[in-house]
Protein chains: 2
Amino acid sequence: MTKIKPCVETTAIAHKALIAREARRVTSYDVALVAGVSQSAVSRCFQQGASVSEATLARVMKAAALLDYIPNAAARSLITRRSNIVAVLIASQANLHYPELLGELSQQIGARGKRVLLFTLPRETDVDRVLSEVWQYQVDGVIAAARLTADHIAEFERRQMPLVLFNRTVRERAVNTVTCDHREAGRMLVSRLAAAGHRRFGIIAGIEDSTVANERRRGACERLAELGLPPPVVVPGQSDYPSGAAGLRALISAMGAVPDAIICGSDVMAIGCLDCARHELGIDVPRQLSVAGFDAVEPSNWLSYNLTTLRQPMPKMAMAAAELLCAVIDRSDNAAATPDRRVFSAQFIEGATARLEPVFSAVAASSAGLSAPVAIM
Amino acid sequence: MTKIKPCVETTAIAHKALIAREARRVTSYDVALVAGVSQSAVSRCFQQGASVSEATLARVMKAAALLDYIPNAAARSLITRRSNIVAVLIASQANLHYPELLGELSQQIGARGKRVLLFTLPRETDVDRVLSEVWQYQVDGVIAAARLTADHIAEFERRQMPLVLFNRTVRERAVNTVTCDHREAGRMLVSRLAAAGHRRFGIIAGIEDSTVANERRRGACERLAELGLPPPVVVPGQSDYPSGAAGLRALISAMGAVPDAIICGSDVMAIGCLDCARHELGIDVPRQLSVAGFDAVEPSNWLSYNLTTLRQPMPKMAMAAAELLCAVIDRSDNAAATPDRRVFSAQFIEGATARLEPVFSAVAASSAGLSAPVAIM
DNA sequence: TTGTAGGCGTTATCAC
DNA sequence: GTGATAACGCCTACAA
């Protein structure tokens with residue numbers, strides 16, 4: 001009488017029915033049972049560079065496939081202390097203005113074997129409430145495109161939570177940041193406009209608590225002063241389309257005339273300003289008035305606008321943020337290294353809404369086109 | 001001699017130093033030790049509706065605060081089988097076209113105590129690779145704004161994973177879906193244009209594998225046939241700006257003349273078509289040609305365009321998706337109920353790029369303005 | 001290479 | 001109301 005050894009398929013089907021009856025999940029024990037090995041052998045089969053024999057691996061993988069087994073990330077993270085989840089904090093405002101940002105971040109983080117857990121902030125003041133949620137989820141690190149205070153940063157340090165700020169800075173603390181040099185962008189824009197003969201400048205500012213818009217304005221004002229030009233008239237804006245038109249009217253009324261050039265804190269405002277000037281006030285842009293924006297959003301490139309603007313190299317910045325964060329996570333066992341700051345340059349897009357002198361000097365050309373990362377200590 | 005009972009603060013500080021020395025995380029045991037209660041008592045303090053005395057709660061919470069204790073969601077999910085994480089699968093294309101979608105979804109899901117784990121698909125064909133990742137993370141459910149096959153759906157059922165399709169459908173299987181009635185939208189658009197006397201129609205189609213664009217085209221063609229009008233000339237497009245211009249030229253060449261009306265599969269193409277007509281071909285829109293799009297993206301509302309289009313009620317649809325998914329999750333212990341399909345109507349935006357007859361009939365007005373959910377069994 | 005045993009941090013089930 | 005004890009599903013020495 002021969003002893004019949006049941007084949008893996010048969011055992012798997014029977015065992016799977018059992019699991020279904022008990023309403024449990026499929027675990028590595030189940031796979032081990034079906035494959036006829038120990039649970040730890042199964043565990044090793046799902047890890048990189050563990051020592052398993054060819055034969056065992058094959059048996060285990062077959063059993064796993066038959067049972068629809070997938071390792072449980074929650075259980076794994078409990079012991080490895082790695083969830084492979086990265087939190088992205090993003091103010092809804094930024095979300096809408098930079099639709100590419102989230103997509104690029106997700107791709108780049110995904111390419112590094114992690115996933116993005118999304119935390120959107122309806123208002124930038126909701127940070128506290130959201131952060132306490134972040135801690136629960138045991139994320140490996142955080143990319144924050146939102147306004148954090150020095151106290152928040154301190155809590156990240158206390159909890160040893162890797163952090164990268166995106167387009168934000170905190171003066172009081174040393175933090176990893178990825179930014180575009182918005183101040184330099186503001187300076188560059190003024191330089192080009194001034195070189196073409198513009199003298200009376202108006203500025204439509206962005207949302208008040210936005211570091212980005214503030215830096216742009218600061219750079220522009222600074223450069224105007226250096227060039228000995230009169231200070232610009234600044235009117236407030238909300239970074240949206242209606243603010244462009246409202247800002248234009250406000251500037252004309254404050255200055256008693258149409259300015260030579262208007263610098264808008266964002267492309268959407270610039271487009272609002274442009275539409276108002278052309279369609280409502282009958283102002284000839286760029287002959288009577290130059291208009292410029294920031295960000296090079298998709299519509300700025302459309303035929304109806306062809307806006308003079310400055311582009312942030314978003315894909316590169318997203319890649320830098322993912323890279324930086326993952327580097328910090330990987331070495332987070334060791335002592336914390338000194339924070340890294342990666343600064344990118346904006347790229348000047350000439351467009352056709354501003355009168356500009358052609359650029360020949362090597363310095364201006366390179367500073368306008370440069371977008372490689374520059375480390376500033 | 002009096003026995004000195006050390007106060008909570010002192011114990012906490014000492015114990016915290018110990019934890020730091022051992023490089024461990026703070027656990028509920030640590031809190032229990034400092035608070036002088038059992039670990040289970042601590043656990044109960046962090047649950048809804050568990051029975052704990054006022055005094056214990058206070059002591060525990062104080063100790064927790066001193067130790068910076070936060071419950072570990074990974075450990076919790078291991079036993080509760082709830083991760084409070086929802087996966088959102090989104091094709092990058094859709095991401096860029098509907099920036100509001102992700103923000104709305106995140107808000108709505110957040111309001112229900114869960115968070116969004118983001119899975120972006122560079123190509124719609126990457127679904128398989130991404131799904132196997134989804135299973136690992138033990139998410140509570142999935143909202144998919146990407147193309148799934150019947151086989152994929154089957155795997156969701158096999159794994160008993162709650163699923164809601166967003167703006168997608170799968171003919172072969174019964175699935176929970178939240179959609180906009182794009183076919184009806186296409187019909188509505190043709191009805192209005194035909195009523196204003198347009199007869200020779202051109203269509204610039206969207207990306208070939210997009211259900212949405214196909215449904216829109218189908219509805220338009222269907223309605224044209226019903227009205228006894230000649231079938232439209234259809235040219236392909238990629239749903240982007242350049243496709244609008246290319247499509248316009250292709251239509252003119254195919255028809256041997258400028259058509260009466262062009263229906264574009266998306267607003268961005270409509271805008272590309274419009275810019276080309278006006279700025280490059282000198283065609284008077286809407287006098288010589290009517291142009292219409294779909295989606296009511298932000299720029300469609302700008303002065304330069306004021307596009308005739310149809311809006312999807314995104315916020316309502318996102319809310320419906322979150323609501324539906326969470327309902328399925330909450331009752332997922334019981335037997336699976338019959339799938340739910342929530343269909344919304346697009347809202348007609350008259351704009352100024354198409355010649356239209358004013359609408360007086362109550363039927364037309366209500367069908368054009370309706371955006372409340374309609375359950376279809 | 002393989003199996004045994006202990007632990008990761010929580011919730012659930014019971015007695016008390 | 002409170003505290004012991006057993007899961008949850010996996011990884012990781014360590015011994016074989």
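These numbers come from a predicted model, not from an experiment. In what follows, every chain begins at residue 1, and chains take the letters A, B, ... in the order their sequences are listed.
Distances were taken from every side-chain heavy atom of B:L78 (C-beta onward) to each of D:dG9, C:dT10, C:dT4; the shortest belongs to D:dG9. Picking from C:dT10, D:dC10, D:dC11 the nucleotide with the shortest atom distance to the side chain of B:Y29 gives C:dT10. The side chain of B:I79 lies closest to D:dC8, out of C:dC8, C:dG3, D:dC8.
Contact check, B:Q47 against C:dA12: a side-chain N or O comes under 4.0 Å of OP1 or OP2. Contact between the side-chain N/O atoms of A:R81 and the OP1/OP2 oxygens of C:dG9 is found at a separation under 4.0 Å. Contact annotation: A:T56 side-chain N/O to C:dT2 OP1/OP2 distance is under 4.0 Å.
At least one donor-acceptor pair closer than 3.5 Å links the side chain of B:N176 to the backbone N or O of B:D340. Looking at B:R342, its side chain never comes within 3.5 Å of a backbone N or O of B:V178 through a donor-acceptor pair.
Residue contacts for A:T27: at a heavy-atom cut-off of 4.0 Å it reaches the sugar-phosphate backbone alone, with no base atom in range. Contact annotation for B:S43: base contact, defined as any heavy-atom pair under 4.0 Å involving a base atom. Looking at heavy-atom distances under 4.0 Å, B:Y69 makes contact with sugar-phosphate atoms alone, never a base. Here A:S77 lies out of heavy-atom contact (under 4.0 Å) with every strand.
Counting all heavy atoms, side chain and backbone alike, B:L105 lies closest to B:A321 at CD2-CB, 4.2 Å. Of all non-hydrogen atoms in B:N167 and B:M317, the two that sit nearest each other are OD1-CE, 3.7 Å.
For the pair B:F46 CZ and C:dG9 C1', the computed distance is 13 Å after rounding to whole Å.
Residue-to-nucleotide contacts include a donor-acceptor pair under 3.5 Å from the side chain of B:R44 to the base of D:dG3.
Residue-to-nucleotide proximity on DNA chain C shows that, of B:V26 and A:Q39, the 5′-proximal contact is made by A:Q39. For B:T80 and A:S40, each mapped to the nucleotide of DNA chain C holding its nearest heavy atom, the one lying further toward the 5' end belongs to A:S40.
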